[in-house]
Amino acid sequence: MSYGFYSIYKKLRKHFGFQNWWPAKTKFEIVVGAILTQQTSWKNVEKAIENLRKSGLLNENKLRKASIKEIEKAIKNVNFYKTKAKRLKEIVKNLNRIRKEKEERRIKESLLKLDGIGYETAEALMLYYFGFLDFVIDAYTIRIFERIFERKFKRNELKKLIEEEIPKDLELYKDFHAQLVELGKRYCKKEPKCEECPLRKICKFGKNKTL
DNA sequence: ACCCAGGTGGCCC
DNA sequence: GGGCCACATGGG
């Protein structure tokens, strides 16, 4: 018995096209972006990253040495910017050490210990920065599949089900998450737009609206 | 004046 | 484990 996650991916991919995530000019931007985008639109994250670049703070050594105030100033347009400025500095301070870890498990554990890195951000870094097969579960992912399958999922339960079912391919993992975010943003918010959703034929939520 | 964005941590039970 | 709250900008 399977949920058909892979076939859902193929439908999304056909509809939206390849998403080419993570958008970043340098690898370090993935780390910065992962923190900044928490509860913040990507548009504002892009602006903040450009501000950091202009301020010369968009590299590890500079950011490590920068004052909290300097960082705050550059990222002031993102939500929770004070908290994030503090956390960014702390994370950058530990990045070197974490990169030296050999085992995937150790890397993830180290990430999760850092202030500001929870499950989703850790997964995003494992996948898009370190390149491990770690599927990213965000709020959209849970909502989308709960509506399609008309049942509740615990996040780690859903993660396991997806990882057991889809091919173990890095580009697939990356693009699947990106596709789910795209679907979520356009059609699967709390107030859904099922009429035009590319998955309307396999998702009964538009009719029942039980979740 | 709402509501929410590619969440996290702290505190309570 | 789950439920609620603070964090605290910008866009619809």
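In what follows, chains are A, B, ... by sequence order, proteins preceding strands, each numbered from 1.
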What about Phe153(A) and Phe145(A), are their ring centers closer than 6.0 Å?
-> no

Of all the choices, dG1(C), dT9(C), dG6(B), which nucleotide is nearest to the side chain of Asn77(A) once you look at every atom?
-> dT9(C)

Taking only side-chain nitrogens and oxygens of Thr37(A), does any of them come within less than 4.0 Å of OP1 or OP2 of dA5(B)?
-> no

Per-pair stack call Tyr119(A) and dG7(B), 5.5 Å, 30° = no

Distance, C1' atom - from dG2(C) to dG6(B), rounded to whole angstrom = 24 Å

Counting side-chain heavy atoms from CB outward, which of dG9(B), dT9(C), dG6(B) is closest to Asp115(A)?
-> dG9(B)

Using a cut-off of 4.0 Å on non-hydrogen atoms, how would the nucleic acid contact of Lys47(A) be classed: base, sugar-phosphate, or nothing?
-> sugar-phosphate

What is the nucleic acid contact for Ile117(A), judged by heavy atoms within less than 4.0 Å: base, sugar-phosphate only, or nothing?
-> sugar-phosphate

Is Lys27(A) close enough and on-axis enough to Tyr129(A), meaning under 6.0 Å and within 45°, for cation-pi?
-> yes

When we call it a touch if two heavy atoms are under 4.0 Å apart, what does Leu112(A) touch: a base, just sugar-phosphate, or nothing?
-> nothing

Tyr81(A) side-chain proximity, nearest of dG6(B), dT9(C), dC4(B) = dT9(C)

Distance-only polar pair, side chains of Thr40(A) and Lys84(A), donor-acceptor under 3.5 Å | yes

Quick one: is Thr121(A) getting a side-chain N or O under 4.0 Å of the dT8(B) phosphate, OP1 or OP2?
-> yes

Look at all strands and tell whether Val181(A) reaches a base, only sugar-phosphate, or nothing, counting heavy atoms closer than 4.0 Å.
-> base

Looking only at dG6(B), dT9(C), dC7(C), the nucleotide nearest the Phe80(A) side chain is dC7(C)

Of all the nucleotides listed (dG6(B), dG11(C), dC4(B)), which has the minimum atom distance to the side chain of Asn44(A)?
-> dG11(C)

For Glu120(A), report the nucleic acid contact type (base, sugar-phosphate, nothing); a contact means any heavy atom under 4.0 Å.
-> sugar-phosphate

Consider the side chain of Trp42(A), meaning its heavy atoms from C-beta on, and name the nucleotide among dA5(B), dC4(B), dG6(B) that approaches it most closely.
-> dG6(B)

According to a strict under-4.0 Å criterion, is Gln38(A) in side-chain N/O contact with OP1 or OP2 of dG7(B)?
-> no

Do any side-chain nitrogens or oxygens of Lys43(A) fall under 4.0 Å of OP1 or OP2 in dG12(C)?
-> no

